[in-house]
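Let me begin by presenting the structure, written as structure tokens, before commenting on it.
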Amino acid sequence: MAPAQIADIPDDLLPSIFVHIDPAKAPQYRLLSLRFNTALRARSFVQANVRLHCIPKHELWANRAAMTRLATFERLDSYERAWFNGWAKDYQEAYAIEVLSKVSAIRLTFGDHRRRRRLVPEAIGVLTQLENLTIRFFGFKGSIPESVGQLTNLKTLNLISNKLSGDIPQVLAQLILLTRLDISNNPFTSGPIPSFLASLTQLEELSIDYTSRTGPLPLWIGTAFPRMQVLGLAGNKLAGSVPESLAEMRALRALYLQNNDLSGLFPVGVFDLEELDPELFKIDVDRFQGLPEGWWDDDSMGFSDLEDDLV
């Protein structure tokens with residue numbers, strides 16, 4: 001079609017013509033003119049475009065195997081890869097609403113690091129059926145979006161070993177059903193252990209190792225989580241003493257405190273915790289007094305690489 005003919009197309013016909021453009025190529029057409037850009041950004045067009053190209057290939061979700069794919073995806077198809085790799089926000093939101101809104105679990109590991117690092121899509125908040133969001137070693141950068149606070153059905157949030165930065169967002173306090181929170185090994189802004197974490201009383205695992213935490217261990221750390229089994233605080237700049245309240249974590253099985261500046265008398269009540277596994281108890285032995293002799297084997301104490309435990 002000649003440029004003059006394109007210019008003569010009425011505005012209301014543009015969306016119906018361009019709806020046949022693959023969503024991955026639509027941004028290229030936006031560069032042609034302001035007129036095209038306006039048409040291609042219209043919400044009704046974006047939804048129609050996504051439905052036309054993305055939904056037909058998912059119509060087979062009626063069979064059992066495909067329903068498993070609908071419930072949880074562990075590898076990305078071309079459109080989901082575009083969704084994570086910085087699709088325009090209107091396309092991200094439309095795809096989330098039209099295709100992903102019923103997904104209950106996302107489990108992705110080891111993204112292609114040759115690609116530019118991804119941002120966590122703001123549209124993630126649309127996926128309100130999610131119970132498990134696990135994206136490990138995937139190259140996410142930037143901050144955790146505020147929209148994550150809308151995922152109130154989440155029970156597992158695992159974003160270990162990305163490139164996430166900024167503050168640990170307070171909206172995580174809204175995820176009151178969480179039983180596992182692991183945001184270890186991310187370069188967040190330096191700061192204390194957030195007090196809002198105390199509201200996540202269902203937690204069985206809290207891992208914020210290597211996240212630039214500073215200051216003392218809060219007194220509430222031992223009393224806020226009656227179900228806590230795994231507490232990971234290693235590799236930070238925590239200082240001061242270990243509070244006696246840690247001995248109240250009756251379900252505690254694993255405790256990682258190594259590679260901090262913690263020191264002083266270690267609360268002896270911790271060694272009476274029946275579930276605590278000596279091989280999963282990691283501290284900097286030479287910084288503490290009051291440690292009972294013979295409670296552990298030398299080979300199992302606090303000098304192993306945390307990555308061995310996390311991976």
Side-chain angles (χ1 to χ4, degrees), residues 109-111 113 116-120 124 133-149 154 156-175 178 180-200 203 205-222 224-225 228 230-243 245-246 249 254-264 266 280-288 302-311:
T109 302
F110 297 108
H113 291 284
R116 59 190 176 91
R117 292 188 179 119
R118 308 162 172 89
L119 296 174
V120 181
I124 197 84
L133 177 58
T134 297
I135 305 180
R136 308 166 67 241
F137 304 92
F138 204 67
F140 273 145
K141 67 176 183 178
S143 59
I144 297 176
E146 295 288 308
S147 60
V148 166
L154 270 187
T156 294
L157 177 59
N158 185 346
L159 300 175
I160 181 178
S161 293
N162 285 281
K163 300 294 181 182
L164 296 169
S165 57
D167 294 327
I168 298 175
Q170 188 164 352
V171 293
L172 296 183
Q174 299 169 206
L175 310 180
L178 276 182
R180 184 184 185 195
L181 175 60
D182 190 341
I183 52 174
S184 300
N185 200 20
N186 283 288
F188 292 110
T189 301
S190 179
I193 296 174
S195 59
F196 62 76
L197 293 177
S199 65
L200 303 177
L203 280 178
E205 176 182 342
L206 173 61
S207 296
I208 51 175
D209 313 270
Y210 297 94
T211 56
S212 303
R213 296 306 92 201
T214 61
L217 279 178
L219 296 178
W220 52 261
I221 198 74
F225 313 112
M228 186 64 68
V230 178
L231 180 60
L233 303 172
N236 289 295
K237 296 181 180 179
L238 298 169
S241 61
V242 176
S245 62
L246 215 60
M249 305 181 81
L255 177 63
Y256 302 102
L257 296 178
Q258 76 271 30
N259 298 329
N260 280 289
D261 294 323
L262 298 166
S263 60
F266 200 90
L280 302 178
F281 177 55
K282 311 290 186 181
I283 63 173
D284 298 315
V285 178
D286 57 347
R287 289 181 174 272
F288 293 100
F303 299 103
S304 66
D305 186 350
L306 184 64
E307 282 297 313
D308 293 339
D309 300 308
L310 293 177
V311 176

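We number each residue from 1, following the sequence as shown.
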Pairing residues for Glu205 by the side chain to side chain donor-acceptor pair (under 3.5 Å) criterion, not counting sequence neighbours
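Residues passing side chain to side chain donor-acceptor pair (under 3.5 Å) with Glu205: Arg180, Ser207.
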Just jot down the side chain to side chain donor-acceptor pair (under 3.5 Å) partners of Ser143, sequence neighbours excluded, or say none.
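For Ser143, no residue satisfies side chain to side chain donor-acceptor pair (under 3.5 Å) once neighbours in sequence are set aside.
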Listed by chain and number, what are the side-chain contact (heavy atoms from CB on, under 4.5 Å) partners of [X], not counting sequence neighbours?
| X | result |
| --- | --- |
| Val171 | Glu146, Pro169, Gln174 |
| Gln170 | Phe196 |
| Thr134 | Arg107, Asn132, Arg136, Thr156, Asn158 |

I would like to know whether Leu206 and Leu200 meet side chain to side chain contact (heavy atoms under 4.5 Å, CB included); could you show each step before the answer?
CA-CA 10 Å; Leu206 173 61; Leu200 303 177; over 6 Å; no
Testing the basics here: between [X] and [Y], what is the closest heavy-atom pair and its distance to 0.1 Å?
| X | Y | value |
| --- | --- | --- |
| Ile193 | Pro218 | CD1-CD, 3.9 Å |
| Ala198 | Ala224 | O-CB, 3.9 Å |
| Ile183 | Phe188 | O-CE1, 3.6 Å |
| Ile144 | Val148 | CG2-CG2, 3.7 Å |
| Ile124 | Ser147 | CG2-OG, 3.6 Å |
| Ile221 | Ser245 | CG2-OG, 4.4 Å |

For Asn259 and Asp209, what are the C-alpha separation, side-chain angles and deciding distance, and is it a side chain to side chain contact (heavy atoms under 4.5 Å, CB included)?
CA-CA 10 Å; Asn259 298 329; Asp209 313 270; over 6 Å; no
With sequence neighbours excluded, what pairs up with Phe266 under the ring-ring contact (aromatic ring centres under 6.0 Å, His included) test?
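If we apply the ring-ring contact (aromatic ring centres under 6.0 Å, His included) test to Phe266, skipping adjacent residues, the hits are Phe271, Phe281, Phe288.
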Between Asn162 and Phe138, is there a donor-acceptor pair closer than 3.5 Å when you use the side chain of the first and the backbone of the second?
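Side chain of Asn162 to backbone of Phe138, a donor-acceptor pair under 3.5 Å: yes, one is there.
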Residue pair [X] / [Y], side-chain heavy-atom distance below 4.5 Å:
| X | Y | answer |
| --- | --- | --- |
| Gln258 | Ile283 | no |
| Phe140 | Asn186 | no |
| Leu172 | Leu157 | yes |

Table please: side-chain donor-acceptor pairs of residues 230-242 below 3.5 Å, with sequence neighbours left out.
residue, atom, partner, partner atom, Å
Asn236, OD1, Thr211, N, 3.0
Asn236, OD1, Ser212, N, 3.0
Asn236, OD1, Arg213, N, 2.9
Asn236, ND2, Ile208, O, 3.2
Asn236, ND2, Leu233, O, 2.9
Asn236, ND2, Ala234, O, 3.2

Run the numbers on Lys141 and Leu119 for side chain to side chain contact (heavy atoms under 4.5 Å, CB included), then give the verdict.
CA-CA 5 Å; Lys141 67 176 183 178; Leu119 296 174; 3.6 Å; yes
What pairs with Asp167 under salt bridge (Lys or Arg N to Asp or Glu O under 4.0 Å), at least two apart in sequence or on another chain?
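Checked Asp167 against salt bridge (Lys or Arg N to Asp or Glu O under 4.0 Å); zero matches.
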Between CG on residue Leu217 and CG on residue Leu246, distance to nearest 0.5 Å
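One gets 7.5 Å once the value is rounded to the nearest 0.5 Å.
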